[in-house]
Amino acid sequence: MYNTAARLKDPKHLGFLVGYIARREILTDLQLSAALEYVRSHPLEPLDVADFERACGVGVCITPEQIEEAVEAVISKHRAELLAERYHFNMGLLMGEARNQLRWADGKTIKNEVDLQVLHLLGPKTEADLEKKPKVRRRGGWRLGWYFLAKCPGENYKTVGYVMTPNTMALLKQHLAITGGQVRTRFPPEPNGILHIGHAKAINFNFGYAKANGGVCFLRYDDTNPEKEEEKYFTAIREMVEWLGYQPYAVTHASDYFDQLYTWALELIRRGQAYVCHQKVEEIKGHNPPPSPWRDRPVEESLLLFEDMRKGKFGEGEATLRMKLVMEDGKMDPVAYRVKFTPHHRTGDKWCIYPTYDYTHCLCDSIEHITHSLCTKEFQARRSSYFWLCNALDVYCPVQWEYGRLNLLYTVVSKRKIIRLVETGAVSPAPARLPSRGHQQLLFAQATMEPHLLEACAREVLNEQAPRAMAVLEPLKVTITNFPAPKALEVLVPNFPADESRGFHKVPFHQTLYIEETDFREEADKGYKRLAPGQPVGLRHTGYVITVQNDVSGRVIELEVTCTKSDVAEKPKAFIHWVSVPLACEVRLYERLFLHKNPEDPSEVPGGFLSDLNPDSLRVVHNALVDSSVHSARPFDKFQFERLGYFSVDPDSEEGKMVFNRTVTLKEDPGKA
């Protein structure tokens, strides 16, 4: 009873559901969830009692014999793997397959039967069974499989909550004839701001799911709000998708379908499912707005008024077209069209009415024959309107699937707030990028991630992808007084020291070179292992050890050293990196943008997120030096600068002055955990 009252947004069917619970015809949470989903997807029409009872398992009695037979069949199917893997086998798979056969069976009873039959087959656990199964190391990619979305194209009707109409099967048949059973997804961003890491997850979900299933993914710009859209955002979105390693099957725009959407809006009015309303925006905001007094106006009147909206006879805010439905969150009659006297970047002045997300999204999915409409959890409340609108117009209805939004601590993931950061000059509109094809967690609940976890994944990927180079941020000039050759030598440096089969690059080794200022001290304190008077140090990759010769005091700007072959010198305590005949470069060292974990939380940051900016979030090193092996690098190429971190080439680079952004340090700073 409590669950029903708490989870049912619209109380219209509360008494109906309570009757089933009181009569003990709905007994389990599984049945209750199905019942709630059913009434949400049938908000206005009288409920078909027989159809409702079938959807909720009312009167279905699962006997112990049926459970025993179902589990026996599943175990027989996987017998060979069970005998091979024994108790390391994924028993959840057995549970899942048995539940699929007996949807309304009690989960605990099935589990007990699985445990009993597995014990009968394998016997008690041995010591080997109790040992932990070794983890298989994975390179990036998806941490969890896609089986959560295991509905094949054309099987939309098998999805819980999917609403069937007399035309559903015929429409699905037409859909399959057009697509050939191909999986189709889409990434539908609004071109009104800068993408953030949450969008990277959405790109990977949509393109990744299509790729994993041999399907295609559309890049569709949701360009229905001409006031906020700019060409630079269209370009940046396309570049981001391609940088992540994906090529869209097609690049489309919601505006491509404006004529069809308008035609369907007229049809929706003719079918009595939409009306022109004159309530103000303020009146219909919130969860309990007053019903529209124009909801039951005659169809012909709404058709004439909608035509007047199209002709510009109403001012902005004076009229909207609204759909007749109640959404999951209780919101009633969402807006389908509104008046905006703003030229569109693609259609110009042709339209002064523009469709909303609630109207456009599902119909564009239908036009493009999308099979899996993947979106974040905040759109779950719009699922009923998605199904309702397609069915109200008798067009192909895709399936909407929701996954958890990705939030990251110490930052903001809101395009609106990112634009404010750009406008105030707090950040650049072209931030440094994390490595492409990183790790992704397939989560259906909202996830909030610590930055150091993301950074650890970045290190794992970059360690295998980023070739090594040497760079010096704070150069200290060093002259070798006994350099063994009259001109520069060439030193071979492995691109990946752990796997020399991946090649080498050459760097010049000259009498004059540069080391990090911090790699030299006038006195070698206890525990200090690098260069100091009386304490030699090795130069990486050269085969030489250097020793300070000149007396030093005050601020040292140059050192004179001698070199000795490492095979005859005493083994030094440390080896340091260096550059010789280097390229000048600028290096940007990024830290966290905000001081607090949750900069948007008023309890943590009473002054608002703009007051929480970290003044040290960016340090620019203008006079750094890098070895010449990187001279042909292009924007977004990535390198590991030995002993410093992972860096990528910034597009600001120009002839004679390269610019590098630090993506992540080599090791996690324990103070950030």
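One distance of note links OH of Y403 with SG of C375; it measures 7.5 Å at 0.5 Å rounding. We find the OH-CG distance between Y38 and L47 to be 6.0 Å, quoted to the nearest 0.5 Å.
Within the 4.5 Å cutoff, no side-chain heavy atoms of V335 are placed close to those of D358. Taking the side chain as every heavy atom from C-beta outward, P226 and S255 never approach each other to under 4.5 Å. For the pair Q182 and V216, the minimum side-chain heavy-atom distance is below 4.5 Å.
Between the side chain of R186 and the backbone N or O of D365, no donor-acceptor pair lies under 3.5 Å. Put simply, the side chain of S302 never gets that close to the backbone of V299: no donor and acceptor are under 3.5 Å apart. Side-chain atoms of E53 never come within 3.5 Å of backbone atoms of V58 as a donor-acceptor pair (strictly under, hydrogens ignored). The main-chain N or O of T263 is never found under 3.5 Å from a side-chain atom of E267 such that the two would form a donor-acceptor pair. Although no hydrogens or angles enter the test, the distance criterion places a donor-acceptor pair under 3.5 Å between the side chain of R338 and the main chain of P355. Using a distance-only test at 3.5 Å, with no hydrogens or angles considered, no donor-acceptor pair links the side chain of R220 to the main chain of P189. Panel note: side chain D601, backbone S603; a donor-acceptor pair is recorded below 3.5 Å. The backbone N or O of T224 sits less than 3.5 Å from a side-chain atom of E229, completing a donor-acceptor pair. Side chain of R297 to backbone of Y275: no donor-acceptor contact under 3.5 angstrom is found.
Using the six-membered ring where Trp is involved, Y354 and H344 have ring planes that are parallel, under 30° apart on the 30 and 60° scheme. Taking the six-membered ring where tryptophan is involved, the planes of F234 and H345 are tilted, since the angle between them lies from 30° to 60°. Between Y246 and F207, the ring planes are parallel. Angles under 30° get that label, and only those over 60° would be called perpendicular.
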Show which side-chain atoms of residues 419-427 pair as donor or acceptor with protein atoms under 3.5 Å away, not counting sequence neighbours.
unit_1	atom_1	unit_2	atom_2	d
T424	OG1	R420	O	3.0
T424	OG1	L421	O	3.0

Could you list the donor-acceptor pairs under 3.5 angstrom formed between side-chain atoms of residues 169-180 and any protein atom two or more places apart in sequence or on another chain?
unit_1	atom_1	unit_2	atom_2	d
H175	ND1	H369	ND1	3.0
T179	OG1	H175	O	3.2
T179	OG1	G181	N	3.2

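Scanning both residues, R322 and S292, for their nearest heavy atoms gives NH1-CB, 3.7 Å. Here the closest heavy-atom approach between residue L303 and residue L266 is recorded as CD2-O, 3.8 Å. The two atoms that bring A55 and R103 nearest to each other are O-NH1, 3.9 Å, heavy atoms only. Taking each heavy atom of P599 and D612 in turn, the nearest pair found is CB-OD2, 3.7 Å. Heavy atoms only, all atoms of each residue included: M332 and V326 are closest at CG-CG2, 4.1 Å. In terms of heavy-atom proximity, F387 sits nearest to C397 at CD2-SG, 3.5 Å.
Between the side chains of N391 and T165, no donor N or O sits under 3.5 Å from an acceptor N or O.
Using a cut-off of 4.0 Å between Lys/Arg side-chain N and Asp/Glu carboxylate O, E282 and K280 are scored as not salt-bridged. The residues E190 and K228 are annotated as not salt-bridged, no charged nitrogen and carboxylate oxygen being separated by less than 4.0 angstrom. A salt bridge is defined here as a Lys NZ or Arg NE, NH1 or NH2 lying under 4.0 Å from an Asp or Glu carboxylate O, and K340 with E227 meets this definition. In summary, K350 and D259 engage in a salt bridge, as defined by a charged side-chain N under 4.0 Å from a carboxylate O. Under a 4.0 Å N-O distance rule, the pair R54/D51 qualifies as a salt bridge.
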- Item | Criterion salt bridge (charged side-chain N to carboxylate O under 4.0 Å, His left out) on R310 and E307, from CA distance to verdict | CA-CA 5 Å; R310 188 185 69 81; E307 179 66 10; 2.7 Å; yes
- Message: Apply side-chain contact (heavy atoms from CB on, under 4.5 Å) to residues I21 and M1 and explain how you reach the verdict.
- Response: CA-CA 7 Å; I21 295 167; M1 293 287 193; 4.2 Å; yes
- Query: Could you walk me through whether W294 and V276 pass the side-chain contact (heavy atoms from CB on, under 4.5 Å) check?
  - Reply: CA-CA 7 Å; W294 294 280; V276 172; over 6 Å; no
- Could you walk me through whether W104 and L30 pass the side-chain contact (heavy atoms from CB on, under 4.5 Å) check? CA-CA 7 Å; W104 306 112; L30 187 64; 4.0 Å; yes
- Are Y209 and L374 close enough, and set up right, to give a side-chain contact (heavy atoms from CB on, under 4.5 Å), and what steps lead you there? CA-CA 9 Å; Y209 181 66; L374 308 175; 4.2 Å; yes
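With sequence neighbours excluded, the residues forming a side-chain contact (heavy atoms from CB on, under 4.5 Å) with A336 are L321, M323, Y359, listed by chain and number. In this view, D256 and R346 satisfy the salt bridge (Lys or Arg N to Asp or Glu O under 4.0 Å) rule, not counting sequence neighbours. E283 is linked by a salt bridge (Lys or Arg N to Asp or Glu O under 4.0 Å) to nothing, counting only residues two or more places apart in sequence or in another chain. Under the side chain to side chain donor-acceptor pair (under 3.5 Å) criterion, Q273 pairs with no residue, sequence neighbours left out.
In this structure, the ring of Y20 has its center less than 6.0 angstrom from the ring center of F16. Ring pair Y410/F594: centre-to-centre distance not below 6.0 Å.
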